[in-house]
K.L.:
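Here it is: the structure, laid out below.
Numbers restart at 1 for each chain; the letters A, B, ... are given by sequence-line order, proteins then strands. What you see is a predicted model, and the numbers here were worked out from it, not measured in a lab.
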Amino acid sequence: MNAVDGEPAWVLHARPWRDTSLLCELFSHGHGRVGVLARGVRGGRGGRRALLQPFRPLLVGWRGRGELPTLGAVEPAGAPLALAGEALYAGFYLNELLCRLLPRQMPQPPSLFLAYRESLGRLARGTVEPALRGFEKHLLEQLGYAYRFDRTADDDAPVRPGGRYRLEAGVGVLPCLPGEPGCSGEVFLALAREEWRPEWQGEHRRILQAALEPLLGGRPLRSRAVYGALRRLAGDRRRGRAG
Amino acid sequence: MTADALLEELVEAFQVLPGVGPRTARRMAYHLLERDRDAGLRLAGALEAAMRSLRQCTECRNFTAQERCRLCAGDQRDRGLLCVVESPADVEAVEQTGTYDGLYFVLMGHLSPLDGIGPEALGLDRLQERLARGEVREVILATNPTVEGEATAHFIAQLCEEAGVRATRIAHGVPVGGELEYVDSSTLSHAFADRKPVR
């Protein structure tokens, strides 16, 4: 029997399982993404069920081998993050990215766990776009796609602020041929420095999403679609969006 | 079809129920065949009738055999009060209290971005139309106190604000007969934040 105790973790997603249990996807400090069965937590007394919510730092334990160990003790490791509105949907988006891109039971470097925590903190403070872009960039690096945004991929030349470039997923930054869509070198250099200025927000989002796209295997992210549908219904015409 | 195939089909059919695996399904099938064929036929009849004639009420989305359910079609209830719940079981739970005399709106779930459950699946466009009709003066949000349930309540409250309808959220607190010591910290902090004067 494998036993883990007092492991720092976040709930990424929980769905009902049979009559009284929950199937939880956790993102843990030392074991990466882990699926656990929380038996008998639904119905009756709150206790663990109240804690098994996204965006709340936890210390958890689990027992058992295989794909679905059983959840043991759960303790709070801090107050839940107060995410509301756009920041909340951005948080769901981060959770979906991790559920989709991290294989279960594969340990991740501690820096990814820290980056997740840091990003949720930024979301709670209301800086949504920097939180999302910073996390996407970090996640790409951890997944083995450490793009150099300040040098071209074909001849390793420095990106010039005045030039025009595009990102080729899986390859890197390439200079645009005449007539090819792309954006200015300045935007790529800012991305390399993680300088998230509002005027480059849209371009940074499109570049990082183009980089993530092939890793998602052509299946669009659901949280993004749901957020779009909510905004349409609420008649919200503001620019900027989660994901 | 051979006897074996019929039996296998029955066992397989039972497995569509939540929590019923192959072993339980086989036990159910043998029980009905060996001991209670009449009950088996009644079950088959009831299932067939319910599956064919039950549909969702055009107003509250709860299950009904008519166009509109008993509560929505009747004139006994306060039509200005609308309680939003996640499931038909929640309607039953609120009805059990005997203290609520308004109408319901059943979402049949909650917003769940990671499962792709958005506003259309919950009928929020219909709820929005209903709020615009002006009959409802207060929406009581009784979704579950989970992150997704709160997200759902928050979004509906936004729709209410746009429609100029008052939105309230049911209180979260210490269960009656419970002991403070055993109440989880989030419930207890909610209970403190929403405390009220003693009369």
K.L.:
How would you list, in number order, the residues of residues 7-14 of chain A that have a heavy atom less than 4.5 Å from chain B?
P.N.:
A:Leu12, A:His13
K.L.:
Quick one: CG on A:Leu83 to CD on B:Glu150, what's the gap to the nearest 0.5 Å?
P.N.:
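Rounded to the nearest 0.5 Å, the CG-CD separation comes to 12.5 Å.
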K.L.:
Is it the case that atom CZ in A:Arg39 sees more than 12 heavy atoms from other parts of the structure closer than 6.0 Å?
P.N.:
no
K.L.:
Of the non-hydrogen atoms in B:Ala151 and A:Phe92, which two are nearest, and what is the gap between them?
P.N.:
CB-CE1, 4.4 Å
K.L.:
Work out which heavy atom in A:Gly85 is nearest to a heavy atom in B:His154; give both atom names and the distance.
P.N.:
N-CE1, 4.5 Å
K.L.:
With only heavy atoms counted, which part of A:Arg100 is less than 4.5 Å from chain B, the side chain, the backbone, both or neither?
P.N.:
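Contact with chain B involves no heavy atom of A:Arg100 at all.
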K.L.:
Look at atom CD of B:Glu161 and say whether more than 12 heavy atoms of other residues, nucleotides or ligands are closer to it than 6.0 Å.
P.N.:
no
K.L.:
Spell out the residues in residues 108-143 of chain B that have some non-hydrogen atom less than 4.5 Å away from a non-hydrogen atom of chain A, in order of number; otherwise answer 'none'.
P.N.:
B:Leu111, B:Ser112, B:Pro113, B:Leu114, B:Asp115, B:Gly116, B:Ile117, B:Gly118, B:Pro119, B:Glu120, B:Leu124, B:Asp125, B:Gln128
K.L.:
Please determine whether the number of non-hydrogen atoms from other residues, nucleotides or ligands lying under 6.0 Å from atom CZ of B:Arg166 exceeds 12.
P.N.:
no
K.L.:
Side chains of A:Leu52 and B:Thr146: does their closest heavy-atom pair fall under 4.5 Å?
P.N.:
no
K.L.:
Step through the shown structure and confirm whether more than 12 heavy atoms of other residues, nucleotides or ligands are within 6.0 Å of CH2 on A:Trp196.
P.N.:
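Counting neighbours around CH2 of A:Trp196, more than 12 heavy atoms of other residues, nucleotides or ligands fall under 6.0 Å, so yes.
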K.L.:
Please determine whether the number of non-hydrogen atoms from other residues, nucleotides or ligands lying under 6.0 Å from atom OH of A:Tyr145 exceeds 12.
P.N.:
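It does not: A:Tyr145 OH has 12 such atoms or fewer within range.
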K.L.:
Please enumerate all residues that pass side chain to side chain contact (heavy atoms under 4.5 Å, CB included) together with B:Arg42, with sequence neighbours excluded.
P.N.:
B:Asp38, B:Ala39
K.L.:
Among residues 213-221 of chain A, which ones touch chain B with a heavy-atom distance under 4.5 Å?
P.N.:
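Interface residues of residues 213-221 of chain A: none, nothing closer than 4.5 Å to chain B.
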K.L.:
Quick one: what part of A:Ala225 sits under 4.5 Å from any heavy atom of chain B, side chain, backbone, both or neither?
P.N.:
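No part of it gets close to chain B.
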K.L.:
State whether the number of non-hydrogen atoms from other residues, nucleotides or ligands found under 6.0 Å of B:Gln66 atom CD is greater than 12.
P.N.:
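Count not over threshold, so no.
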K.L.:
Can you tell me if CZ on B:Arg70 sees more than 12 non-hydrogen neighbours from other groups inside 6.0 Å?
P.N.:
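No, CZ of B:Arg70 has 12 or fewer neighbouring heavy atoms, counting only those of other groups under 6.0 Å.
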K.L.:
Looking at B:Gln76, I'd like to know if its CD atom is crowded, meaning that more than 12 non-hydrogen atoms belonging to other residues, nucleotides or ligands lie closer than 6.0 Å.
P.N.:
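No.
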